[in-house]
Structures are given as structure tokens and as C-alpha cells.
Amino acid sequence: MTQADDETFMRRAIALSEQAGLIECTGGPFGAVIVKDGEIIAEGYNHVVAAKDPTWHGEMEAIRKACKVLDTFDLSGCTLYTSAEPCPMCAAASFWARIDRIVFAAHCEDALKYGDFDDTAIYEDLAKPPMARKIPHSEILRGESVAVWKRYQEKSDRVQY
């Protein structure tokens, strides 16, 4: 990809952020596109407010659509262009999807300054051990769960991902 290509795809992600935050008012100004082989294969923008779904971020929508278009859960070879630095959920989803590259425009600090979007506490909390996190974690029935995991491990036809 050239700098010009990156800018073209980023401008589309920014236009989608405007769609979400200023035109349709479906959520915060977050937009994303996924590109493979120089072509946009999927787009998404924030719908958190309209759908009353805290997971409906632009990146998540674009990842879901790209997986359907390519008929796979593996987005190797793809680049995610996003109007703002991905939140912890979207960054993790990008790892799970095996996206090769993430290109972003605004920083987390910009989202905080201009939109009151603050992921700082999430990043800090995720760095702690589970039992020390803000949302209480507790462990029960590990043996029963591990029994299922062991059967899964032995399954000869399981899909690797």
C-alpha cells in the first residue's frame, strides 16, 4: 500500500465516523473499513446508541462483515483502517481475526478530549490479575469446565483457530 492508498481508505473510515456521530447519530464518531488486496471488502460505523448495544463499534461491524464476505474467521492479509485508535475490545477482536495491519487517525487522547470517551480505566484494569479487577471475578466449577475442554482437545474434527 502506498501513502496515497492509506489516505484514501482512511478518508472513507473518517466519512463513516461522520455518518455515525453527526449525520445518523447512531453513536460516537467511529468508522472503519477493512481492505484486502487494495479493495474495501467491508465497512462499519458505531451503532452503540441506536442499537443499544455496547459492542456495536465500527471496527466490530467491519470485522463481522469482512468475515462474511470472505467466508472465514481469519482475516490474514487484511488491513483495518479506523477513524480512531481501537478500544481494547476492538484491538482484541483484530488480534482474534488475525488482521495484518491497523491504521488509525485520531488517538485515544483525542476521543477523550473531544468526546469524553475514556478507555484509560479499561486498559489499566485489564493489566491487573482477574481477581483484582474492578468488576469482581470469581472462579467456580473449574473441574467441570476443564472436563469439557479435555473432550474438545481430543475431538479429531475440531476446527483450529
Side-chain angles (χ1 to χ4, degrees), residues 1-130 132-135 137 152 158-161:
M1 291 284 166
T2 67
Q3 177 78 19
D5 291 332
D6 282 347
E7 289 177 5
T8 296
F9 296 130
M10 183 57 71
R11 284 192 176 97
R12 180 61 187 150
I14 292 169
L16 290 165
S17 76
E18 185 178 30
Q19 189 75 25
L22 302 174
I23 298 169
E24 292 183 22
C25 301
T26 56
F30 300 100
V33 297
I34 295 183
V35 173
K36 184 167 185 164
D37 300 326
E39 299 289 330
I40 294 175
I41 59 168
E43 300 181 339
Y45 59 90
N46 190 291
H47 288 80
V48 168
V49 174
K52 297 174 181 60
D53 179 351
T55 68
W56 200 328
H57 292 194
E59 298 94 334
M60 299 296 285
E61 180 178 36
I63 288 168
R64 288 176 183 135
K65 287 180 176 179
C67 289
K68 286 185 181 188
V69 167
L70 297 176
D71 193 29
T72 183
F73 53 81
D74 184 345
L75 298 181
S76 296
C78 294
T79 299
L80 169 66
Y81 293 86
T82 179
S83 63
E85 189 175 354
C87 73
M89 175 183 67
C90 294
S94 297
F95 275 95
W96 279 108
R98 296 185 180 106
I99 288 174
D100 284 1
R101 182 171 166 242
I102 297 172
V103 181
F104 66 91
H107 289 244
C108 290
E109 294 82 9
D110 300 320
L112 173 60
K113 181 176 181 178
Y114 302 110
D116 297 321
F117 291 93
D118 188 4
D119 295 336
T120 307
I122 300 170
Y123 284 109
E124 290 171 355
D125 207 48
L126 288 174
K128 297 176 185 176
R133 293 181 185 156
K134 181 180 176 182
I135 297 174
H137 285 58
Y152 179 76
R158 72 180 163 126
V159 176
Q160 296 290 323
Y161 65 97

Between Thr72 and Asp74, a side-chain donor and acceptor under 3.5 Å: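 No, no side-chain donor-acceptor pair sits under 3.5 Å.
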Under 3.5 Å side-chain donor-acceptor pair for Asp5 and Thr8: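 No.
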Atom pair CG/NE2 of Asn46 and His57 - distance to nearest 0.5 Å: 6.0 Å
[X] to [Y] - nearest heavy-atom pair and separation:
{"X": "Ala20", "Y": "Gly28", "value": "CB-O, 3.5 Å"}
{"X": "Ala62", "Y": "Gly44", "value": "CB-N, 3.9 Å"}
{"X": "Asp100", "Y": "Ser76", "value": "OD1-CA, 3.7 Å"}
{"X": "Gly31", "Y": "Leu16", "value": "CA-CB, 3.9 Å"}
{"X": "Ile41", "Y": "Cys78", "value": "CD1-SG, 4.0 Å"}
{"X": "Pro29", "Y": "Ser83", "value": "O-OG, 3.6 Å"}

Hey, does [Y] have a side-chain heavy atom less than 4.5 Å from the side chain of [X]?
{"X": "Tyr123", "Y": "Cys108", "value": "yes"}
{"X": "Asp125", "Y": "Ile135", "value": "no"}
{"X": "Ile122", "Y": "Cys87", "value": "no"}
{"X": "Tyr81", "Y": "Arg12", "value": "no"}

Among Glu24, Glu61, Glu59, Glu18, the one residue meeting side chain to side chain donor-acceptor pair (under 3.5 Å) with Tyr45: Glu24
Pair His47-Asp53, side-chain contact (heavy atoms from CB on, under 4.5 Å): steps then yes or no: CA-CA 7 Å; His47 288 80; Asp53 179 351; over 6 Å; no
Steps toward side-chain contact (heavy atoms from CB on, under 4.5 Å) verdict (Thr82, Phe30): CA-CA 7 Å; Thr82 179; Phe30 300 100; 5.9 Å; no
Note: Lys113-Asp110 ion pair, threshold 4.0 Å (strictly below):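 Between Asp110 and Lys113 there is no salt bridge, as every charged N stays at least 4.0 Å from the carboxylate O atoms.
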Greater than 12 external heavy atoms within 6.0 Å of Phe95's CZ: no
Arg11 atom CZ, over 12 foreign heavy atoms within 6.0 Å: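 No, CZ of Arg11 has 12 or fewer neighbouring heavy atoms, counting only those of other groups under 6.0 Å.
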